[in-house]
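Encoded as structure tokens, the structure appears first; notes follow it.
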Amino acid sequence: MTTEPQRLSLRVVVPPLGSRQGTVECRPVVDGRDVLANVFDEGPAGDPRYLLGPDAPLRATDTPREVRLAEAECTEGCCGAVYVTIKREGRRVIWSGWRNPDADDLDLPEFRFDVEEYEAEVGRASTDHGWEWPARTVARLLEERLRGHADLLAAWECELGAVSAWHWEPDRINVFLFHPRRSAIREGRPWLQFRMTLPVSGDDPAGQADRLAARLTAEDPCEIAEVSGGSQEFARRLGYSWPGPRRRRA
């Protein structure tokens, strides 16, 4: 094992817009080598929205943390995934403990990075949004605004699930909401998931995010959303179609 620190590069890969093939990936490259390329071909690397950001799992701490870097297209339970344990030790960040729950022969070495270079690269990748298309930018900004004002959605007994933009639908975003809250699933209480598909233009993304946030919090968003999951009997009791575009008026 070399005693010299290695260099990490985080590359975001975006499929052609409008194509149904592929997915957005954050691929780790060490010393010019794509770490996953030769050891896992069952599915993509993780989406940058999950691997990067202020509380990103790729950020190293003194407490070891296992991070999933890739997952099979058919789900981890079917064909596996790639995990690595990340920890900081003094002036080094160490990637070790590689595993694939579906295989015993994941052959990857321990990687050691200079802590300052590592943190700089994770920080760069987390703030570099140059790869985004307009709808993806609007989705990111809208989610930031809604999570920053969760109390406004709570007034409608709603909780934000996610705001997503998919490359095969480059001119729209999808907003997912839970009613009354996501915790109802874990607690075994009735719940519903709502979905809104909203068009996005080429106008200023920040302005669009502001307007959509104002719209979604000014009135009950479930009145303009469709039921996309949850407890069927609960939906019917509240007067919603299953599935359906909106609440049935009396």
Side-chain angles (χ1 to χ4, degrees), residues 1-17 19 21-133 136-137 139-140 162 164-167:
M1 185 194 314
T2 179
T3 58
E4 292 296 318
Q6 291 149 303
R7 286 185 174 270
L8 173 69
S9 176
L10 298 169
R11 297 179 183 173
V12 176
V13 178
V14 181
L17 296 184
S19 170
Q21 302 300 314
T23 186
V24 180
E25 303 177 70
C26 177
R27 301 195 66 88
V29 177
V30 176
D31 291 342
R33 171 194 171 196
D34 187 318
V35 172
L36 302 173
N38 296 322
V39 298
F40 191 74
D41 59 4
E42 298 292 344
D47 191 292
R49 71 179 290 174
Y50 301 116
L51 290 178
L52 302 173
D55 300 315
L58 287 182
R59 294 185 181 273
T61 68
D62 294 336
T63 301
R65 173 166 50 188
E66 188 174 61
V67 178
R68 186 171 69 188
L69 297 180
E71 181 185 15
E73 291 183 2
C74 53
T75 75
E76 173 181 334
C78 181
C79 291
V82 175
Y83 287 85
V84 65
T85 296
I86 300 174
K87 63 179 178 179
R88 176 175 175 169
E89 286 187 359
R91 303 305 302 165
R92 293 287 184 264
V93 173
I94 302 172
W95 283 20
S96 61
W98 296 91
R99 73 178 183 93
N100 178 350
D102 193 57
D104 297 326
D105 57 351
L106 183 59
D107 185 21
L108 282 171
E110 178 178 284
F111 296 129
R112 289 176 170 262
F113 309 102
D114 175 82
V115 66
E116 292 184 358
E117 291 182 354
Y118 181 92
E119 290 178 349
E121 175 59 11
V122 175
R124 179 206 63 78
S126 296
T127 57
D128 179 8
H129 304 295
W131 56 269
E132 294 179 340
W133 60 100
R136 178 89 181 206
T137 303
R140 173 174 55 81
S164 299
W166 299 315
H167 68 276

* Working for side chain to side chain contact (heavy atoms under 4.5 Å, CB included), residues Leu10 and Val122 -> CA-CA 7 Å; Leu10 298 169; Val122 175; 4.1 Å; yes
* Charged N to carboxylate O under 4.0 angstrom, Arg99 versus Glu66? -> yes
* Asked: Quick check: does any side chain N or O of Asp31 sit under 3.5 Å from a backbone N or O of Arg7, one acting as donor and the other as acceptor?
  -> yes
* Look only at the side chain of Arg68 and the backbone of Val84, and say whether a donor-acceptor pair between them is shorter than 3.5 Å. => no
* Asked: Which residues satisfy the ring pair (Phe, Tyr, Trp, His ring centres under 6.0 Å) test with Phe113, sequence neighbours excluded?
  -> Trp95, Tyr118
* To do: Count the heavy atoms belonging to other residues, nucleotides or ligands that lie under 6.0 Å from CZ of Arg49, then report whether that count exceeds 12.
  => yes
* Asked: Would you call Phe40 and Asn100 a side-chain contact if the rule is heavy atoms closer than 4.5 Å?
  -> yes
* For the residue pair Pro64 and Ile86, establish whether any side-chain heavy-atom pair is separated by less than 4.5 Å. => no
* Asked: Side chain of Asp47, backbone of Tyr50: donor and acceptor closer than 3.5 Å?
  -> no
* **Flag, side chain of His167 to backbone of Ser19, donor-acceptor distance under 3.5 Å** => yes
* Trp131 side chain vs Val14 backbone, donor-acceptor pair below 3.5 Å -> no
* Is the shortest heavy-atom distance from the side chain of Ser9 to the side chain of Arg11 under 4.5 Å? -> yes
* Under the side-chain hydrogen bond (donor to acceptor under 3.5 Å, both in side chains) rule, collect the residues that match up with Glu25, sequence neighbours excluded. => Arg27
* Asked: Would you say Val82 and Leu106 make side-chain contact, with heavy atoms under 4.5 Å?
  -> yes
* Asked: Would Tyr83 and Glu71 count as having a side-chain donor-acceptor pair, cut-off 3.5 Å?
  -> no
* How many angstroms lie between atom CD of Glu119 and atom CD of Glu121, to the nearest 0.5 angstrom? -> 12.0 Å
* Roughly how far apart are Lys87 NZ and Arg92 CZ, rounded to 0.5 Å? -> 14.0 Å
